[in-house]
Amino acid sequence: MPSSVSEPYDLAVIGAGCAGLAGAVTASERGLSVAVLDASGQLGGQFYRHPAPALGAERPQALHHDWAAFADLRRRLEASDAETLVGHHVWSVAAESDGVWAVHALTGADGDGERPVRVRARAILLATGAYERQLPFPGWTVPGVVGAGGAQAMLKSGLVLPGRRIVVAGSGPLLLAVASSLAAAGARVPAVVEASGYLGYARHPHALVTNPGKLAEAAVHGTALLRHRVRLRTRSAVTQVHGTARVEAVTISRIDPQWRPVPGTSRRIVCDALAVGHGLVPQIELATSLGCATRRTPDASCALVLDDLQETSVPGIWAAGETGGIGGAQLARAEGELAGLAVVARLRGTPFLAVARRARELRRRRDRMRAFADAMAAAHAPAPGWTDWLTGDTDVCRCEEVTAGRIRDAVVDFGARDARTVKLLTRAGMGWCQGRVCGAAVACLAAGGDGGVPRSAERRPLAVPVPLGVLASLDEPGESRSED
């Protein structure tokens with residue numbers, strides 16, 4: 001830790017998931033003063049989300065893959081001098097005049113703590129992870145419809161299921177993991193409905209051959225689905241949910257390669273819950289507010305542009321994990337460690353040769369896994385025909401209750417051609433989630449249904465909701481470096 005309150009940390013790590021923990025322990029074990037901030041009340045991020053001690057779970061690792069890696073990182077962090085600041089919702093990162101970065105956060109379970117917190121650091125590692133991409137369809141606001149990742153989070157952290165008979169739908173490899181976890185926990189999963197297929201991976205044979213562990217994971221999940229008699233339906237989508245007070249059934253339709261429903265192929269499946277998600281989207285609001293460059297990923301989302309050592313286009317800001325593109329826990333750990341080594345070399349002014357061998361190994365591992373991640377993204381990328389699922393009264397923006405019909409009217413009648421203009425005309429994306437749920441759908445509809453249009457990387461000054469009183473108190477002496 002710094003020798004005084006006024007002295008900045010060497011490194012502030014934002015996010016205590018796989019990438020953040022790997023970066024933090026790497027830097028701390030090599031002598032840097034490190035602060036780790038995370039909005040959650042415990043370490044692990046989304047991937048290693050686990051029950052609170054009060055729930056008395058005897059084997060929290062049972063619902064996780066590669067729990068030993070997380071346990072090792074947590075042990076090393078607890079043994080280090082790094083300061084862990086959980087329950088800290090970071091809403092802004094700003095450069096100060098002395099070349100130091102200021103990380104502004106709100107405390108409390110929902111950012112409702114008594115006072116703001118400022119953490120100063122010479123370098124920043126962004127390990128903010130990702131959130132689910134949701135594509136709307138008729139009935140997706142009915143109680144009992146949850147995100148695929150949300151269903152897994154309920155199980156991992158609360159030991160509860162969203163229903164007893166759960167259809168899992170959307171696109172991406174997360175669906176297999178979610179379905180196998182739900183089935184193992186006692187839920188009946190009548191079907192996994194995958195909008196894409198798996199033949200797309202065959203276009204990237206090198207990525208498959210060099211990542212045999214991924215094939216082994218798929219085999220494990222596939223075996224679990226067979227054991228629990230879960231049917232896998234590819235090239236299909238849930239195009240309607242039935243029920244009012246609760247999900248009662250879903251309509252599944254075959255879709256063509258452009259994701260348009262094929263007439264005459266619809267069928268109903270009785271269920272009381274639907275877990276749905278179409279992949280993950282990098283969470284990069286803090287980075288874009290700083291002006292970090294972004295790139296378009298193979299599945300049409302925005303990720304950060306990073307150099308060979310994980311530094312962004314803004315000097316002094318590094319990033320690791322899903323911020324650079326969705327790739328999974330193993331890739332996140334490799335990138336986090338590599339970023340930690342790079343920060344140590346930069347701040348200590350030592351030649352990178354001291355860690356060159358380890359860095360080369362990490363770069364090879366990262367590049368190999370990143371190639372597979374790109375193949376995965378391309379195989380499950382949404383196709384433009386998904387907008388044919390929507391009726392005029394389908395809510396697209398849930399927060400502001402903006403329908404597909406109103407968005408289409410803004411495009412046709414008022415000439416809106418981008419998500420920002422649609423937002424100004426309809427309020428789509430102006431609610432509590434600030435477009436995190438509806439942003440991709442609004443951007444596609446604004447472009448005339450072109451599902452290949454990437455999510456807009458808007459530069460927002462605030463990454464999470466902030467009370468006006470907090471903004472007014474920024475220059476007051478009461479704002480502190482930490483909660484001590």
Side-chain angles (χ1 to χ4, degrees), residues 132-152 154-155 160-172 174-176 178-179 182-183 185-196 225 228-256 259-279 382-383 385-408 437-438 440-441 444-445 449 451:
E132 281 193 274
R133 172 166 43 204
Q134 294 294 339
L135 302 180
F137 50 87
W140 76 305
T141 58
V142 173
V145 179
V146 299
Q152 195 172 47
M154 291 172 65
L155 182 57
V160 295
L161 294 168
R164 299 179 65 86
R165 185 177 173 88
I166 310 166
V167 171
V168 178
S171 187
L174 178 63
L175 302 185
L176 301 180
V178 170
L182 295 177
R188 174 76 175 94
V189 182
V192 173
V193 185
E194 166 63 63
S196 299
L225 297 185
H228 293 286
R229 298 182 180 179
V230 178
R231 185 168 182 178
L232 176 62
R233 296 179 177 273
T234 59
R235 293 295 180 189
S236 301
V238 170
T239 52
Q240 187 173 1
V241 171
H242 305 280
T244 51
R246 178 77 189 186
V247 173
E248 298 173 2
V250 298
T251 290
I252 295 176
S253 303
R254 291 283 295 173
I255 56 178
D256 66 18
W259 287 28
R260 292 185 294 260
V262 177
T265 63
S266 298
R267 58 165 295 178
R268 280 198 185 200
I269 295 181
V270 175
C271 60
D272 63 356
L274 170 66
V276 59
H278 293 84
W386 74 264
T387 55
D388 287 1
W389 307 346
L390 305 177
T391 59
D393 60 353
T394 303
D395 281 329
V396 174
C397 174
R398 303 176 63 157
C399 299
E400 297 293 325
E401 298 182 338
V402 180
T403 64
R406 286 180 58 193
I407 294 174
R408 285 167 172 156
V437 175
C438 68
C444 291
L445 290 170

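Only this structure's heavy atoms are used, side chains among them; waters, hydrogens and symmetry mates stay out.
One distance of note links CD of Gln240 with CD1 of Ile252; it measures 12.5 Å at 0.5 Å rounding. Atom-to-atom distance recorded for Thr387:OG1 and Arg260:CZ is 9.5 Å, nearest 0.5 angstrom. Of the inter-residue distances, the one linking Gln152 atom CD with Leu175 atom CG reads 10.5 Å to the nearest 0.5 angstrom. Separating the CZ atom in Arg267 from the CZ atom in Arg254 is a distance of 12.0 Å, to the nearest 0.5 Å. In this structure, Thr265 OG1 and Arg235 CZ are separated by 13.5 Å, a value rounded to the nearest 0.5 Å.
Between the side chains of Ser236 and Glu194, no donor N or O sits under 3.5 Å from an acceptor N or O.
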Quiz prompt | Criterion side chain to side chain contact (heavy atoms under 4.5 Å, CB included) on Val247 and Asp272, from CA distance to verdict | solution = CA-CA 5 Å; Val247 173; Asp272 63 356; 5.6 Å; no
Practice problem: Check the pair Thr251, His242 against side chain to side chain contact (heavy atoms under 4.5 Å, CB included), reporting the backbone distance first and the verdict last. | Solution: CA-CA 8 Å; Thr251 290; His242 305 280; 2.6 Å; yes
Quiz item: What do the steps show when you test Val167 against Val189 for side chain to side chain contact (heavy atoms under 4.5 Å, CB included), and what is the final call?
Solution: CA-CA 6 Å; Val167 171; Val189 182; over 6 Å; no
Practice problem: Kindly determine whether Val160 and Leu155 satisfy side chain to side chain contact (heavy atoms under 4.5 Å, CB included), including the steps that lead there. | Solution: CA-CA 5 Å; Val160 295; Leu155 182 57; over 6 Å; no
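Across all their heavy atoms, Thr234 and Ser196 have their closest contact at CB-O, 3.7 Å. In plain terms, the two heavy atoms of Val396 and Ala441 that are nearest each other are CG1-CB, 3.9 Å. Between Val238 and Ala169, the shortest heavy-atom contact is CG2-CB, 3.6 Å.
Arg406 meets the side-chain contact (heavy atoms from CB on, under 4.5 Å) test with Val402, Thr403, Thr426; sequence neighbours excluded. With sequence neighbours left out, the side-chain contact (heavy atoms from CB on, under 4.5 Å) criterion links Pro261 to Thr239, Ser253, Asp388, Trp389.
Between Cys271 and Ile166 there is no side-chain heavy-atom pair separated by less than 4.5 Å. Counting heavy atoms from C-beta on, the side chains of Arg408 and Leu390 come closer than 4.5 Å. For the pair Leu232/Val230, no side-chain contact is recorded, criterion being any heavy-atom separation below 4.5 Å from C-beta on. No side-chain heavy atom of Glu132 sits under 4.5 Å from any side-chain heavy atom of Val437.
Using a distance-only test at 3.5 Å, with no hydrogens or angles considered, no donor-acceptor pair links the side chain of Arg164 to the main chain of Ala187.
Heavy-atom neighbours of Arg246 CZ from other residues, nucleotides or ligands within 6.0 Å: above the threshold of 12.
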Expected list for residues 133-150: side-chain donor-acceptor pairs under 3.5 angstrom, two or more places apart:
unit_1, atom_1, unit_2, atom_2, d
Arg133, NE, His278, O, 3.0
Arg133, NH1, Asp299, O, 3.1
Arg133, NH2, Asp299, OD2, 3.0
Gln134, NE2, Val276, O, 2.9
Trp140, NE1, Asp395, O, 2.7

